[in-house]
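First comes the structure, then the notes that go with it.
Just so you know, these numbers use all the heavy atoms, side chains as well, and skip hydrogens, waters and symmetry mates. Counting convention: from 1, in listed order, for ligands and their atoms alike.
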Amino acid sequence: MKKELTRQQYLDLYYYMRLNRAVEDTMVKLFRQNKIVGGLYSSLGQEAISVGSAYALEKKDWLAPMIRNIGALLVKGVPPRDIFMQHMAKYDSPTKGKDGTSHFGDLDNLHIVSPISMLGDLIPVMTGVAMAGRYLGQKIVAMTWIGDGGSSTGVFHEGLNFAATQKAPFVLILENNLWAYSTPVRKQVPLENLADRAKAYGIDSYIVDGNDVVAMYSTAKEAVERARTGEGPILIEAKTFRRLGHAQHDPAEYVPKDMRAHWEARDPIALYEKYLTGEKLLDAKSKKEIEDKMDALLAKEREFAENSPMPPAELAEEGVYCTGDDCHKIRAKWERPIAEVTPPKSSVAAVWTVPGFGAGKGSGGANAPIHFGDAPASAEKSAGARKPGAKILTKPAAKKTVKATAASASRKARR
Ligand SMILES: Cc1ncc(C[n+]2csc(CCOP(=O)(O)OP(=O)(O)O)c2C)c(N)n1
Ligand SMILES: [Mg+2]
């Protein structure tokens, strides 16, 4: 562990790891009291990853957590009460009781995109966020996490390839905790290091000890700054271990005892405490101060959450399916003039045009008929029947392409 942080930063990392664990311990108690409505996942033993990586982000940066990243939410500024209430499906929760786990975000203030349950889907989404930030000239970095199991989904590869091609300022933390449900990593990936997946996309990667919060922070910090300066996306494999089952229902008896024992002896909080004490960054007094601060906060937050009502039954239907203006108005805040979002002018002449293409209104008005299939049937028919230009047909190589295009156009028009 290199000494490169201020004392306050060292203590912040400690505080957030402790808070991460305490928030989850509190939720286990709530779960056993039958007050948690949905599934309850644990990041026991993985706190250094969430906390160390999120701590490397600036306030303006964006993150999207997965199930084991409560620590990242806390670092970003989510109050524990929101996490409690969300899992208890309370009315004051960010989703007003509509979700029983962690599917909430904060696009306006904290720059958090809600988790997506489909493993890997956050990768293209956060790539898009990173690209949008670049488009807007904000110099932001987007970050998300994925598990060893999730790194075998198709969208992981599509997403990372997309991020690499676009050189998106995006950092992906791959939490290799050796298990995906009951599947050991060796049975689903023929690689020793999952960081090697980066090679397929020509991007840089790091391997880091996920139980060492300082290593995690400094690696993430370097990756974030490299991504911010335009070097493109970076993959970080954090080696760790899932200390509990997949969720509360899973006793994880399939995990070999010696493997568990090995990792339990490498608890990230205990390791860090030893380091801080050795470096004289933490003593009994400052430790007690941190614990008192944490306990007071948690007592207040838990009380608030427990006292929050369940949502009124009559609101159950609201905000679930969007029924247009009668339901709620969702308008893109990033809406841009239609001319900007239509394809740029190209040196290749269009073979056909669709009436109304690019001439639609924004989301405040009618839908823009910008897709071929959106044009009125009569317009499509005439567009599809349009003959390719005679000039192009005189060139043999072009002739073939044009014919194929025209044929597929008329096929589409007949659908
Ligand atoms: C595309 C997709 N397939 C399957 C699932 C069901 N599922 C949820 S978590 C999980 C295991 C994930 O393992 P891993 O990615 O290693 O993350 P970990 O639970 O170890 O943090 C599975 C199979 C899902 N949510 N999405
Ligand atoms: Mg895993």
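Electrostatic pairing of Asp209 and Lys239 does not count as a salt bridge here, judged by no charged N lying under 4.0 Å from a carboxylate O. Salt bridge status for Arg21 with Asp267: present, with a side-chain N to carboxylate O gap under 4.0 Å.
For Ser102, the side-chain hydrogen bond (donor to acceptor under 3.5 Å, both in side chains) test picks out no residue, with sequence neighbours left out.
Listing protein N, O or S atoms at distances below 2.8 Å from the Mg ion (ligand 2), with waters left out, gives Asp148 OD1, Asn177 OD1, Trp179 O.
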For ligand 1, find each of its N or O atoms that sits under 3.5 Å from a protein N or O atom, and tabulate the pairs with distances to one decimal place.
from     : atom 1 : to     : atom 2 : distance (Å)
ligand 1 : 15 (O) : Gly149 : N      : 3.2
ligand 1 : 15 (O) : Gly150 : N      : 2.7
ligand 1 : 16 (O) : Asp148 : N      : 3.3
ligand 1 : 16 (O) : Asp148 : OD1    : 3.1
ligand 1 : 16 (O) : Asp148 : OD2    : 3.2
ligand 1 : 16 (O) : Gly149 : N      : 2.8
ligand 1 : 16 (O) : Trp179 : O      : 3.2
ligand 1 : 19 (O) : Arg68  : NE     : 3.4
ligand 1 : 19 (O) : Arg68  : NH2    : 2.8
ligand 1 : 20 (O) : Asn177 : OD1    : 3.0
ligand 1 : 20 (O) : Asn177 : ND2    : 2.8
ligand 1 : 20 (O) : Trp179 : O      : 2.8
ligand 1 : 21 (O) : Arg68  : NE     : 2.8
ligand 1 : 21 (O) : Asn177 : ND2    : 3.4
ligand 1 : 25 (N) : Ser117 : O      : 2.9
ligand 1 : 26 (N) : Leu119 : N      : 3.1

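Taking 4.5 Å as the limit, every side-chain heavy atom of Met216 sits out of range of all side-chain heavy atoms of Asn211. For the pair Val224 and Glu58, the minimum side-chain heavy-atom distance is 4.5 Å or more.
Donor-acceptor pairing under 3.5 Å is lacking for the side chains of Glu237 and Tyr206. For the residue pair Gln46/Thr240, the side-chain donor-acceptor check at 3.5 Å is not satisfied.
Using bins of under 30°, 30° to 60° and over 60° for the plane-to-plane angle, the ring pair Trp62/His111 lands in the parallel bin.
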Listing, residues 33-43 side-chain donor-acceptor contacts under 3.5 Å, not counting sequence neighbours, or none:
from  : atom 1 : to     : atom 2 : distance (Å)
Gln33 : OE1    : Lys35  : NZ     : 2.8
Lys35 : NZ     : Glu306 : OE1    : 2.7
Ser42 : OG     : Leu44  : N      : 3.0
Ser43 : OG     : Asn20  : ND2    : 3.4
Ser43 : OG     : Glu24  : OE1    : 3.4
Ser43 : OG     : Glu24  : OE2    : 2.6

